[in-house]
Amino acid sequence: MTTGPVTGRIHSWDLSTGVDGPGTRFVLFVSGCPLRCLYCANPDTWHMRDGRRATVDEVMAEIDKYRAFITTAGGGVTLTGGEPLLQPALTGAVLRRCKEAGLHTALDTSGFLGARATDELLADTDLVLLDIKSFDVTTHRKLTGGELGPTLNFATRLDRLGKRMWVRYVLVPGWTDDPEAIDGLAAFLAGLGSVERIDILPFHKLGAAKYDALNVPFPLRDTPAPDAALVDRVRGQFREHGLVVH
Ligand code: SF4
C-alpha cells in the first residue's frame with residue numbers, strides 16, 4: 001500500500017524571539033483548536049477549515065530558508081496554533097523532520113488533547129510549552145469551554161517521561177488571579193521535576209481587532225490588563241514554591 005505525503009491545515013508562520021522557546025524561533029501556527037478561551041489572541045486560528053492545506057515538505061522547505069538564522073541564534077522551531085495536537089499527524093511529522101534536520105523543537109499546547117500525542121511525537125519534542133489556563137475546574141470550564149483534567153494528566157505524563165516543560169499562565173484580572181487557585185497550581189507544578197520555568201503572561205487585548213474582523217464578540221473587551229502589583233504578587237506566589245518565574 002502506498003501512502004501520500006502527510007498534509008494538514010496551517011494558519012501561518014512567523015519568526016519570534018524570546019516568547020516561544022529559546023533563541024529565535026520559526027513558529028508554525030497550526031489551524032484549529034477545540035477550546036475557546038475568552039482571552040484568546042488568535043481567534044483566526046480556531047477553525048481548521050480556515051487554514052490552508054500544506055504538505056510537510058512545503059513546511060520544511062519554508063523552515064529551511066531560515067535554518068541558518070534560527071540555528072545561529074540558538075533557536076529552533078515551535079509548533080503552536082490553534083492547537084497543534086488537533087492535527088497530530090502533521091505535527092508529529094514536522095517535529096520528526098526537524099529532529100532529523102538537527103533543529104531544536106518546541107510544542108506549544110494547552111494539553112487538552114495531550115492523549116493524542118504519541119510517545120514518538122514527544123520523543124521528537126525537546127521542550128513543551130504547556131499552557132495551563134486555570135487550576136480551578138469551574139473557572140477552567142468557563143474560561144476555555146473545556147475540562148482541566150486532561151491538561152493535568154498530560155503534565156504528569158510529561159514529567160514521567162522527563163520532558164522539559166515551560167508552563168505558561170495567562171494572568172487575567174477577575175479570572176485567573178485567585179490566590180488559592182494559583183497556590184494550588186504552584187504546589188502541583190513544584191512537584192513536577194521537569195518543569196523548568198513558569199512564564200506569567202499578562203492578559204492583553206491585542207487580538208481585539210481580529211474579533212472585530214471576524215464579527216465575533218470579544219468577551220473580555222472591558223477586562224483590564226493586570227497592573228504591575230498584581231503581576232508581582234502572582235510571580236511571588238509561584239516563587240514561594242521554589243519555581244523559576246519569568
Ligand atoms: S487554546 Fe490557545 S488557540 Fe485555543 S482558544 Fe485557547 S488561547 Fe486560543
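As the structure lists them, so they are numbered: ligands from 1, and atoms in each ligand from 1. This chain uses plain numbering: 1 for the first residue, then up along the sequence.
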Any side-chain donor near an acceptor of the partner, Ser194 and Arg164, under 3.5 Å: no
Residues Asn42 and Thr45: side-chain donor-acceptor under 3.5 angstrom: no
Nearest protein heavy atom with distance in Å, relative to atom 3 (S) of ligand 1: Gly82 N, 3.6 Å
From CH2 (Trp166) to CD (Glu196), nearest 0.5 Å: 7.5 Å
Determine which pairs satisfy ring-ring contact (aromatic ring centres under 6.0 Å, His included) with at least one residue from residues 85-108, sequence neighbours left out, and list them in order. none
Hydrophobic side-chain clustering at under 4.5 Å (ILVMFWY, transitive links): who's grouped with Val19? Put none if nobody. none
Only one of Leu185, Asp183, Leu189 forms a side chain to side chain contact (heavy atoms under 4.5 Å, CB included) with His241, so which one is it? Asp183
Counting only pairs under 3.5 Å, give me each side-chain donor-acceptor contact of residues 74-82, with atom names and distances, residues two or more places apart or in other chains.
{"from": "Thr78", "atom 1": "OG1", "to": "Asp20", "atom 2": "O", "distance (Å)": "2.5"}
{"from": "Thr78", "atom 1": "OG1", "to": "Arg25", "atom 2": "NE", "distance (Å)": "2.9"}
{"from": "Thr80", "atom 1": "OG1", "to": "Asp108", "atom 2": "OD2", "distance (Å)": "2.7"}

Checking heavy atoms under 4.0 Å, the part of Phe112 that sits near ligand 1 is neither
Counting from 1, what ligand 1 atoms have a heavy atom of Trp46 closer than 4.0 Å? 5 (S), 8 (Fe)
Around atom 6 (Fe) of ligand 1, number of protein N/O/S atoms which are nearer than 2.8 Å: 1
